[in-house]
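Notes follow the structure.
Below, chain A is the first sequence line, B the second, and so on; all start at residue 1. Because the structure is a prediction, the values reported are computed rather than measured.
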Amino acid sequence: MSTREYIRERFFPHLWCPGCGHGIILNGLLHAVENIGLKKNDIVMVSGIGCSSRISGYLDFHTLHTIHGRALAFAAGVKMSRPELTLLVPMGDGDALSIGGNHFIHACRRNIDMTAIVMNNRVYGMTGGQYSPLSGYGTYATTAPYMNIDPDFDVVAMAVASGASFVARSTTYHIKQLTDVLEAAILHKGFSVVEVMSQCPTYFGRKNKEGSASEMMERFKTRTTPIGSREKLADSSLIERGIFVNREAPEYCDEYHNIIERATKGK
Amino acid sequence: MGGQVKFVQGNEACVEGALYAGLGFFAGYPITPSTEIAELLSARLPQKCGIFMQMEDEIASICAIIGASLTGNKAMTATSGPGFSLMQEALGFAVMAEIPCVIVDVQRGGPSTGLPTKLSQGDVNQARWGIHGDHAIVAMTASNHQDVFSITVDAFNFAETYRTPVILLFDEVIGHMRERLEIPPPGKLPLVERLKTSLPDGVDYHPYLPREDGRLPMSDFGGVHRYNVTGLFHDMWGFPSEDPKVVYGLMRHLTDKIEHHVDDLTRYREYYTEDAETLLISYGSSARSALHVVMNRRQRGERLGLLELQTLWPFPAALVREKAQNARYVVVVEMNMGQVLQSVKSAVERPDKVSLANQVDGTLITPTSILNILRIIQGRGV
Ligand SMILES: Cc1ncc(C[n+]2csc(CCOP(=O)(O)OP(=O)(O)O)c2C)c(N)n1
Ligand code: SF4
C-alpha cells in the first residue's frame, strides 16, 4: 500500500503553514504505518486540539478529533473497549503537557498499549504563538513580549519518571530516524511516548528570530545528538535523540483481562 | 422466571438499572454522594466481562466513556456537583458529535465543594446550561428506587435512540436511602440497542446523515467504515465545516432531534391532578414530601394534587400547562432557589399564580415547610 492511500484527499488542502514541521511528522508516521503493514481499519487515531491535532482529519483511519488536552483519556476508552485496535495519539506540546499534563503522566503510569506522539514546536500554534510549557526560559512569544521566564519540561524525563515503557525523541530533520522510532513505538506493547521536535516558523521561529523553516531544521541537526554520543560529553547542552526506554511492563488491557478472569472464576 | 427483590440504596438501584440496560463500560472518579455507583460497578462489571476504570479525574472519565461508546459499548459515568462541573466541556463534545452515553449526577449542596454529604437539587440548571453554546439536552430524575431503576433504563434507551448524552440527576436522599427494589426479569423492560448502519464495506457511509425517521445509524470504531468524529461543526461525513448552511443545519438538527420529541422523552407521575385547586409540582426526593402533604390534605377534603416530573429537560412545558390549567395555585417544591420554578412560570398561562416552596439548608424539605408556604399563598397566614 502506498502512503497516499492512507490520506483523505477530500480533506486537502491542509491548514498547516508553509514550512510547518507537522507535515513531515505526518509523512514519517505514514511510512512507519506502511512499513509495519497496518490495515486502515485497524487504526484509531485520537487527537486533541491544536495545529498538530488536525493531523487526524487528514488520515483515512478511524479518527477522533476531541477537545484540548484530553486525547489520551478518549483513547483509553477506545483501547480498553477494543484492545485489538492500534491507537495513535498525536498531540501538540501544549495539548499534551499543559492542559493535558495530568492525563499524560497517568497514561504513562497506567501503560495502556498506544502510541503518544508529542509534536513539540515549543509554542501554541493554533491560538497564535503564546508560550507553551516547552518554550523554555529566555524565549519570546506573543504572551512573553519581554521574555519568557517559565522554565520548560523535558518531555522525555517526564515520561520516564511517570513510568512509560517506551520513550523516544526525534526531530523533523531526522526523518529516517523519526520513521524508525515511530515504527518501534507502534510495535511496542505498552504506552509509548515519542517526542518529535517540530518547527513552527510562523510563530516560534519568527518571535525568536530563528529564520526560515529550513534554518530551524538545520538547528535540529546541529543542536541534537544521538543518545550517549561523544559530542554530548563535550557539550552537555545538546539534546539527545533516540530510544531512551524500551522495556517490558504489564500492559493494562491484559491486566484487566486477568481481572475479568478473577471476577468470573467459580461462576 | 420472576424478578429479583432487593433492599438497596438508590445508587445501587441505578447500578442495577444500568446493568439491566446493558452497560458495558464505566469510568469514574470518586465523589460523595455518588461513590457507591463506582464501587458497586467495580465488582459487578468484570463479572459480566464489562469494563470498569477509575480515571485520574472526572474530565478523563467522561472522555473515556465517549471513546468507549464509539466502539459500540453502552457507557456511563457517575459523579456529583463539582465533578459534573468538570465534565461540561466533554459533555458538549458528546452533544456535538452525537455520542450516546449516560452521565449520573447525584447532586450535593453547592456551589464549590459546598455540602458534600447533604442534599440539594442545585444542579438542574447546570444540567441544562452547563455546556457553552446553544444545545438541547436530556436530563431525568426520580423519587423512589423503583423509578431510579426504570429511569436509568430509559436513559440508556434515549441515549441510543437519539444519539445523545443523557443526564441522570438524582439527589443525596435518593442515592443513599435504602428501599425495596424489584428487578424485573430480563426482557420485561424494552431495551433500545444501537442502530448500526447496514451499509456494506466499500459503500460511502455518512455518520451524520439522518434517516427519514431522524435516527442516525452508527458504525463502530474499528468496523469497516472509517469516519471522522469532531467537536467542530461538521458535515454529514464528520468533516469540519464553517459553511453557514452546514452550521445552521447542524444546530437545527441537534436542537430539533430533542425538542421535537418532548412527548416521547417525557416521564412523569401525577396524583389527584384532575380536580386540584392547588397543584404542587416537584421531582426527586422533594416530591416525596410533596406527596405526603397531598395525601394528608386529601383525607381532609382539600383539593391538592401533585405533578411529579421525571424528565426535567427538555422541559415538558405543554404537560405542565395542561395540568396547571384549572389550578388556582401552583407551587413548585424543590431544594434550590427556584430552578424549575422559572420553567414552570414560562410554561403556564398565568405565571403570577406560581409560587415556590423551597428549602436550601442541606436538609430534606419537610411537609411542614410546604404547608407553611401553602397557608401564605392561600391567604390563610402562618
Ligand atoms: C479548554 C480549551 N482551552 C484553550 C483552547 C485554545 N487552544 C486551542 S489550541 C491551543 C494550543 C495549541 O498548542 P499546541 O497544543 O502546542 O499545538 P500546536 O497548535 O502548536 O500544534 C489552545 C490553547 C481550547 N481549544 N480549549
Ligand atoms: S502556526 Fe505554526 S504549528 Fe500551526 S500550522 Fe503554522 S507553522 Fe504549523
**Request:** Evaluate the side-chain proximity of Lys40(A) to Tyr6(A): yes if any heavy-atom separation is below 4.5 Å, no if none is.
**Result:** yes

**Request:** If a pair satisfies ring-ring contact (aromatic ring centres under 6.0 Å, His included) and one of its residues is in residues 81-114 of chain A, list it, with sequence neighbours excluded.
**Result:** none

**Item:** Asp113(A) side-chain N/O to Gly190(A) backbone N/O, donor-acceptor pair under 3.5 Å
**Value:** yes

**Request:** For chain A, find which of Ala60(B), Pro46(B), Ser61(B) contributes the most heavy-atom pairs closer than 4.5 angstrom.
**Result:** Pro46(B)

**Request:** Measure distances from Leu232(B) to the heavy atoms of chain A and classify the residue's part below 4.5 Å as side chain, backbone, both or neither.
**Result:** side chain

**Asked** Under a 4.5 Å heavy-atom cutoff, which of Arg110(A), Lys79(A), Met80(A) has the most pairs with chain B?
**Response** Arg110(A)

**Item:** Side-chain donor-acceptor contact under 3.5 Å, Asp220(B) with Thr71(B)
**Value:** no

**Prompt:** Is it true that Tyr252(A) and Phe191(A) have ring centroids separated by less than 6.0 Å?
**Reply:** no

**Item:** Whether over 12 other heavy atoms sit under 6.0 Å from Glu242(B) CD
**Value:** no

**Message:** Looking at chain A, which one of Ile65(B), Ile62(B), Ile59(B), Asn73(B) has the largest number of heavy-atom pairs inside 4.5 Å, strictly under?
**Reply:** Ile59(B)

**Message:** Can you see whether Glu39(B) engages Ser42(B) through a side-chain donor-acceptor pair at a distance of less than 3.5 angstrom?
**Reply:** no

**Request:** Answer with yes or no whether the side chains of His68(A) and Glu89(B) bring together a donor and an acceptor at under 3.5 Å.
**Result:** no

**Item:** Contacts of residues 50-62 of chain A with chain B (heavy atom under 4.5 Å)
**Value:** Arg54(A), Gly57(A), Asp60(A), Phe61(A), His62(A)

**Donor + acceptor pair across side chains of Asn228(B), Thr63(A) (<3.5 Å)** = yes

**Prompt:** So which of Gly238(B), Ala64(B), Gly231(B), Gly222(B) has the largest heavy-atom pair count under 4.5 angstrom toward chain A?
**Reply:** Gly222(B)

**Message:** Looking at chain A, which one of Ala75(B), Gly92(B), Ala43(B), Gly67(B) has the largest number of heavy-atom pairs inside 4.5 Å, strictly under?
**Reply:** Gly67(B)

**Request:** Would you kindly say whether His225(B) and Ser219(B) are connected by a side-chain donor-acceptor distance under 3.5 Å?
**Result:** no

**Selection from Gly69(A), Ala71(A), Ala73(A) maximising heavy-atom pairs under 4.5 Å formed with chain B** = Ala73(A)

**Request:** Could you tell me if the ring centre of Phe221(B) sits under 6.0 Å from that of Tyr227(B)?
**Result:** yes

**Prompt:** In terms of side-chain heavy atoms, does Asn111(A) have a donor or acceptor partner in Glu251(A) at a distance below 3.5 Å?
**Reply:** no

**Prompt:** Who wins among Ile49(A), Leu64(A), Asn102(A) for the most heavy-atom pairs under 4.5 Å with chain B?
**Reply:** Leu64(A)

**Message:** Just by distance, no angles: are the side chains of Gln126(B) and Gln88(B) close enough, under 3.5 Å, to form a donor-acceptor pair?
**Reply:** yes

**Request:** Sort out for me which of Cys63(B), Ala68(B), Gly50(B), Cys49(B) touches chain A most, counting heavy-atom pairs under 4.5 Å.
**Result:** Cys63(B)

**Asked** Leu70(B) versus chain A, heavy atoms under 4.5 Å apart: side chain, backbone, both or neither?
**Response** side chain

**Request:** Please flag which part of Arg10(A) lies under 4.5 Å from any non-hydrogen atom of chain B: side chain, backbone, both or neither.
**Result:** side chain

**Message:** Just so I understand: if I count every heavy-atom pair under 4.5 Å between each of Ile43(A), Thr66(A), Val46(A) and chain B, which residue has the most?
**Reply:** Thr66(A)

**Prompt:** Of the backbone (N, CA, C, O) and the side chain (C-beta and beyond), which part of Ile112(A) lies under 4.5 Å from a heavy atom of chain B, both, or neither?
**Reply:** side chain

**Contacting moiety of Ala90(B), where chain A heavy atoms sit under 4.5 Å** = both

**Contact leader toward chain B among Val44(A), Leu72(A), Val78(A), where contacts are heavy-atom pairs under 4.5 Å** = Val78(A)

